[in-house]
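Here is the structure we will look at, set down as structure tokens.
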Amino acid sequence: MPQVESATASEAPPPQDAWLVELGSRLPQWESLRDSSKVIIPISISRVNQFDAARLDVEMSAMLKEQLVKVFSLMKPGLLFQYEPELDAFLEFLIWRFSIWADKPTPGNALMNLRYRDERAAPITGKEVRTGLEGPGLSVSQKIFYCISFVGGQYVWSRLQSFSAFRRWGDSEQRPLARRAWALMRNAEVFYRAASFFNLLLFLYGGRYKTVVERILKARLVYGSPNMNRAVSFEYMNRQLVWNEFSEMLLLLLPLLNSSSVKKFLLPFSKDKSGGSSGDEADCPICRSSPSIPFIALPCQHRYCYYCLRTRCSATTSYRCTRCDGAVVAIQRLGSG
């Protein structure tokens, strides 16, 4: 008992501010656990969905254009071709007006469960962030610039190209101003293509802004509903695979079949029993018509058209007569022997 009392007395008591030191070391961990809303939620948008949405928008515009062309099909031929850039711009404007301007996704984006979000005003952390997909849509200025760049830019560039080609700005006989304008157009096109290629590499790496305009506007495609998965139907693909395999099998087997043997096998089941009549003997058994240049197969002496018999004998080295299934050794013009 005296030894226990001496051991307890030898231990130094902790300082009075020890709990404050421990509290200061543990406080950051407690704060991170208590306020988990400050953690940035990473989101990943499927690149395939974004490409598919853009392709579906192009297909939708093509379908609308096809229906509009059918409406004016009875008018003067070539009338719509003269105003094709205006027609394309009008259809693109309609899609923009009733989708992006109305804070709704485009048809392709709607099918892929995507919408545009203003990345500049999107919340990164906070209590309102639950899935990382929250954020307002495009602002008015972004919508207007989107229309000017996509609709107006494509129309102006298309008209400028057709006008410069019609005026032959690139010819050496043109004035220096025209040649300078042509060179400027070519340089602008090369610069835009290079920028688009560089933006594509960035998009494949990071998954943001598939076009240059979207990167400039900070308009990012995000999922409209976080709980909606991409619906992929393989019914059409399976049907195509079945038909492709079936057609390849037929292409492989049909050359191996002997047509004369097949006809001879099916002849008893045919409804036409006049195959052995004298009138049928005078017709070519291949084309079923009267021979214009009659030839006979040797040695069976059956009558054929020259072109029918020559084609069959050239196609195979061991052609057999269609009527008697005998081997055809040679052909001879009728009456020449």
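Each of L64, V151, L87 was compared with E92 under the side chain to side chain contact (heavy atoms under 4.5 Å, CB included) criterion, and only V151 meets it.
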Mind running side chain to side chain contact (heavy atoms under 4.5 Å, CB included) on N109 and R115 for me, showing each step along the way? CA-CA 6 Å; N109 292 341; R115 69 177 182 90; over 6 Å; no
Set out, in order, the CA-CA distance, both residues' side-chain angles and the distance that settles side-chain hydrogen bond (donor to acceptor under 3.5 Å, both in side chains) for Q154 and D88, then state yes or no. CA-CA 9 Å; Q154 293 180 4; D88 294 337; over 6 Å; no
So R117 and L138, side chain to side chain contact (heavy atoms under 4.5 Å, CB included) or not? Walk me through it. CA-CA 6 Å; R117 183 180 74 175; L138 301 182; over 6 Å; no
Which is it for F93 and F98 under the ring pair (Phe, Tyr, Trp, His ring centres under 6.0 Å) test, yes or no, and what are the steps along the way? CA-CA 9 Å; F93 177 79; F98 294 101; 8.7 Å; no
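Counting only heavy atoms from C-beta outward, the side chains of S46 and M112 never approach each other to under 4.5 Å. For the pair K218 and Y209, the minimum side-chain heavy-atom distance is below 4.5 Å. Looking only at side-chain heavy atoms (C-beta outward), H302 and P285 stay at 4.5 Å or farther from each other. Residues L91 and I95 fail the side-chain proximity criterion, which asks for heavy atoms closer than 4.5 Å. C305 is not listed as a side-chain neighbour of I286, based on a closest heavy-atom distance of 4.5 Å or more. Contact annotation: the side chain of V328 never approaches that of R320 to less than 4.5 Å [non-hydrogen atoms, C-beta and beyond]. Using a 4.5 Å cut-off on side-chain heavy atoms (C-beta onward), Y223 and L114 make contact.
If you chain together hydrophobic residues whose side chains sit under 4.5 Å apart, M185 and Y192 never meet in one group. Linking Ile, Leu, Val, Met, Phe, Trp and Tyr residues whenever their side-chain heavy atoms come within less than 4.5 Å places V222 and Y116 in a single cluster. In terms of hydrophobic clustering, with Ile, Leu, Val, Met, Phe, Trp and Tyr side chains grouped at heavy-atom distances under 4.5 Å, V140 and Y146 are assigned to a common cluster. Cluster annotation: F150 and F145 are assigned to the same hydrophobic cluster (Ile/Leu/Val/Met/Phe/Trp/Tyr, side-chain heavy-atom contacts under 4.5 Å, transitive). Hydrophobic clustering (side-chain heavy atoms under 4.5 Å, transitive across Ile, Leu, Val, Met, Phe, Trp, Tyr) keeps F191 apart from L202.
Closest of all the heavy-atom pairs between P299 and V329 is CD-CG2, 4.1 Å. Heavy-atom minimum distance, R47 versus G206: NH2-C, 3.5 Å. For L56 against G108, the heavy-atom pair with the smallest separation is CB-CA, 3.7 Å. Summarising the geometry of S149 relative to V213, their closest heavy-atom pair is OG-CG1, 3.2 Å, with the distance given to 0.1 Å.
Between the CD1 atom of I296 and the CG atom of L309 there is a distance of 10.0 Å, given to the nearest 0.5 Å. Rounding to the nearest 0.5 Å gives a distance of 10.0 Å between OG1 of T211 and CD of Q50. The structure places CZ of R208 at 12.0 Å from CG of L221, a figure rounded to the nearest 0.5 Å. Interatomic distance, R303 CZ to C284 SG, rounded to the nearest 0.5 Å: 10.5 Å. Interatomic distance, SG of C147 versus CD of Q142, reported as 14.0 Å (0.5 Å rounding). Taken from CG in L204 to CG in L200, the straight-line distance is 4.5 Å, to the nearest 0.5 Å.
No donor-acceptor pair closer than 3.5 Å links the side chain of S61 to the backbone N or O of V58. A donor-acceptor distance shorter than 3.5 angstrom exists from the side chain of S247 to the backbone of N244, with no hydrogens or angles considered. N113 places a side-chain N or O within donor-acceptor distance of the main-chain N or O of S225, the cut-off being under 3.5 Å. In terms of modelled atom types and a separation under 3.5 Å, the side chain of N199 and the main chain of K210 share a donor-acceptor contact.
Remark: Y307 engages no residue in a ring-ring contact (aromatic ring centres under 6.0 Å, His included) (not counting sequence neighbours). For W101, the ring-ring contact (aromatic ring centres under 6.0 Å, His included) test picks out W96, with sequence neighbours left out. Contacts of K104 classified as salt bridge (charged side-chain N to carboxylate O under 4.0 Å, His left out), with partners at least two apart in sequence or in another chain: none.
Ring pair F90/Y83: centre-to-centre distance not below 6.0 Å. Checked against a 6.0 Å centroid threshold, the rings of Y306 and F295 count as neighbours.
A salt bridge between D103 and K143 is present, with a side-chain N of the basic residue lying under 4.0 Å from a carboxylate O of the acidic one. A salt bridge links E86 and R159; the closest N-O separation between the charged side-chain nitrogens and carboxylate oxygens is under 4.0 Å.
Between D57 and T106, the side chains place a donor N or O and an acceptor N or O closer than 3.5 Å (distance only, hydrogens not considered).
In this structure, R239 forms no cation-pi arrangement with W243, as its terminal cationic atom is not both closer than 6.0 Å to the ring centre and no more than 45° off the ring axis.
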